[in-house]
Structures are given as structure tokens and as C-alpha cells.
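Inspection log for the structure reproduced underneath, given as C-alpha cells.
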Amino acid sequence: MAMTRTPVRRVLDYTVLSVLAFVFALPALYLFLGSLKPSDEVLNGLSGFLPTHLSFDNYAAVLDSLNSDSTGYFWQFMGVSVLLSFVVVTGGLIVNSMAAYGLTRLKWRGQNAVFTLVLLLMLIPFESVAVPLFYMFNGQRNTLFIQALPFVANAFAIYQFHTFFKKIPPTIEEAARLDGAGPWRTFFAIIVPMSRPVFASVAILTFLIQWGSFLWPVLMVSDPSVRPLPLEMSVFQGQQPPDWGQILAFGVLLVLPVLIVFAFFQRWFVEGVASSAVKG
């Protein structure tokens, strides 16, 4: 029998959660307030949380400083990151969901061995294969193609889809087969619409990883015309003397698309997390 929480316990739980949420939100608050302050007031410790001398001058300065052929264009860097993220997320959702469906529902020789290999790939960090990939694709440096290719297929995304698909009753697919639907039609017409929570979860996690990708662009990109936003921020931060107000403004502009994507997918993302918690 489920235990009911007393009002005192409920208040205590919400108080603890509110305090933890506030603590985790402090860096983001400091980032936002610092982006609105003059550079000499940013690194002032706890006084940086005081909302004084606020303006959008730092944002205007960032956009003005990255607005020429010599420095590159801010919106060009943003566009490269958006395009790469779109390709990786969209391609990943298609490739990884289909791979997971094949491993979950279709019966073929070597199925268990392939799934075991997928699980083993989850244990290998990208940093350990970055250098071999660099030498393998050295001829494709400074292209958008090579920045996206290694990240479309993802073992963890396949595992997430596989776990979700296993919870879908097989009777639904059996009914579709009786109606004459083949594997392709069953997948796209029945499984995909039922799996919006896991698609949203994978989309958000894939976007977060790709949007913040730094090591691979450092290795493969030297041309500013195909430089993604995180790599450009490191170049911008390295300018001397550093203007911390502008650096934090750049950070806010870097984080803003992540918040937009999460706000768009949050309903299905929360539904997927809740479903996993209940069924797990």
C-alpha cells in the first residue's frame, strides 16, 4: 500500500527541493546578471548578484566585435551550430530509433551479439577515439560534414530507444500485421507516434551534447567560416585583455538556444521521465 505523506513532510520536501533548485540556479543567475554589468563589476564575488548598473551594452559589443570578415560574423557561427545540431539530432533520431527497433522487435541471427556491442560502445568515451578519428578523416577537415558524421549514430540513444520500445505491448504490432502492415509501416505509423516521450528525451540530450561540442571542432576546424559557436567563444575569450562582461554576454547567447529547445520539448521530456520512473 502506498504511503501518504503528511503535510509537514510535504512542506519539508518542497522546502529542501526549493533550496536545492535555488543553489543550482545561482550560477545561471550570476551569468545573466554579469552579462548586464560593466566588466570591472563582474568579478566582484557575491556582490556580483546585486542588480546594479545593468544594460545591454555587452551584448551590443559582442555583436559589433564579430561583424567583419577579419573576425567572422556572430550569426554565421550561430548558423553553423544550429545547422550541425539540426543534422545530428534529426539524423540521430532516424538512425538510432530504427536501429533500436531492429534490435528490439525484429528477429535475426546475431541480434544479441550486436546489442551487446552497442552496450560496450557506451563505455568508450569519445576522447579515447578522437585522435584515431582525426587521422582517419584528416582529409575532410574544415567541412560541416565531418563535424556532424561521428555523432549521428549514438549507442546511448539506441539503448534509450531500445528500453522504451520493449515496454510497448507486442499485441499492438501483431494487430497491425493482421491488418496487412509491414515492419516499415508499423514503425512509422504506430511505433513512432507512441514514442514521442523518448524521441523528445533523445532529441534534448543529443542537442545538448552537440551544441556544446568542443573537442572535435578543435581538432577538425581551423577555418572561421565553418567554426561552431562554442569554439568561437574560446577564441573570443582568449582575446587580451579579457572583457568579462562581454564574455558572459557571449555565454548567455550560447545558452539561450538550449533553453528554447528544452522549452519546446519539455512536455514530452517530462512525460518520458515520469513514464520511465513509473514503469522502472
Side-chain angles (χ1 to χ4, degrees), residues 82-124 126 129 133 136-137 140 143-211 213 260-280:
V82 170
L83 178 60
L84 290 174
S85 299
F86 176 80
V87 171
V88 171
V89 171
T90 305
L93 290 178
I94 296 173
V95 171
N96 297 318
S97 63
M98 292 175 64
Y101 185 73
L103 290 170
T104 308
R105 289 294 199 248
L106 305 182
K107 302 302 180 182
W108 42 278
R109 182 177 299 178
Q111 180 180 20
N112 293 333
V114 172
F115 183 66
T116 302
L117 179 61
V118 170
L119 296 180
L120 293 176
L121 289 175
M122 292 172 54
L123 305 178
I124 302 176
F126 178 76
V129 297
L133 286 175
M136 184 183 302
F137 297 108
Q140 301 294 324
T143 63
L144 295 175
F145 169 77
I146 199 57
Q147 293 188 65
L149 179 63
F151 304 102
V152 172
N154 185 283
F156 182 66
I158 294 175
Y159 176 74
Q160 285 184 293
F161 279 116
H162 180 272
T163 302
F164 190 92
F165 291 160
K166 285 187 66 176
K167 298 175 183 178
I168 298 178
T171 53
I172 296 177
E173 294 158 283
E174 294 173 1
R177 281 196 295 270
L178 292 177
D179 289 338
W184 290 100
R185 183 180 176 186
T186 301
F187 177 72
F188 285 106
I190 298 176
I191 300 300
V192 171
M194 294 179 61
S195 306
R196 285 181 296 181
V198 69
F199 273 86
S201 300
V202 171
I204 289 176
L205 295 177
T206 304
F207 178 81
L208 287 174
I209 295 173
Q210 177 58 35
W211 187 261
S213 177
I260 295 175
V261 170
F262 182 79
F264 182 79
F265 285 105
Q266 67 169 334
R267 182 167 68 95
W268 296 297
F269 179 74
V270 173
E271 181 181 343
V273 172
S275 176
S276 299
V278 172
K279 295 180 180 180

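- Crowding of Phe126 atom CZ: a count of heavy atoms from other residues, nucleotides or ligands under 6.0 Å exceeding 12.
- Taking every heavy atom of both residues into account, Ser195 and Ile168 meet most closely at OG-CD1, 3.8 Å.
- By the 6.0 Å contact criterion, CH2 on Trp108 is enclosed, its count of non-hydrogen atoms from other residues, nucleotides or ligands being greater than 12.
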Show me the side-chain donor-acceptor pairs of residues 85-92 shorter than 3.5 Å, one per line, residues at least two apart or across chains.
{"unit_1": "Ser85", "atom_1": "OG", "unit_2": "Ser81", "atom_2": "O", "d": "2.8"}
{"unit_1": "Thr90", "atom_1": "OG1", "unit_2": "Phe86", "atom_2": "O", "d": "2.8"}

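- Pro193 and Ile190 make their closest contact through CD-O, 3.4 Å (heavy atoms, listed as atom of the first residue, atom of the second, distance).
- Here the shortest heavy-atom pairing between Val202 and Thr206 reads O-OG1, 2.7 Å.
- Between Met194 and Pro197, the shortest heavy-atom contact is O-CD, 4.1 Å.
- Between Tyr101 and Phe165, the ring-plane angle classifies as perpendicular under the 30° and 60° cut-offs.
- Checking Lys166, Gln111, Lys167 one by one against Thr104, the side chain to side chain contact (heavy atoms under 4.5 Å, CB included) holds for a single residue, Lys166.
- Side-chain contact between Leu205 and Phe156 is present, with heavy atoms from C-beta onward closer than 4.5 Å.
- A distance of 15.0 Å separates CD1 of Ile204 from CH2 of Trp211, quoted to the nearest 0.5 Å.
- Heavy-atom contacts from other residues, nucleotides or ligands closer than 6.0 Å to OH of Tyr159 number 12 or fewer.
- Taking each heavy atom of Ile158 and Ala99 in turn, the nearest pair found is CD1-CB, 4.1 Å.
- When atom types are taken as modelled, the side chain of Asn154 and the backbone of Leu93 share no donor-acceptor pair closer than 3.5 angstrom.
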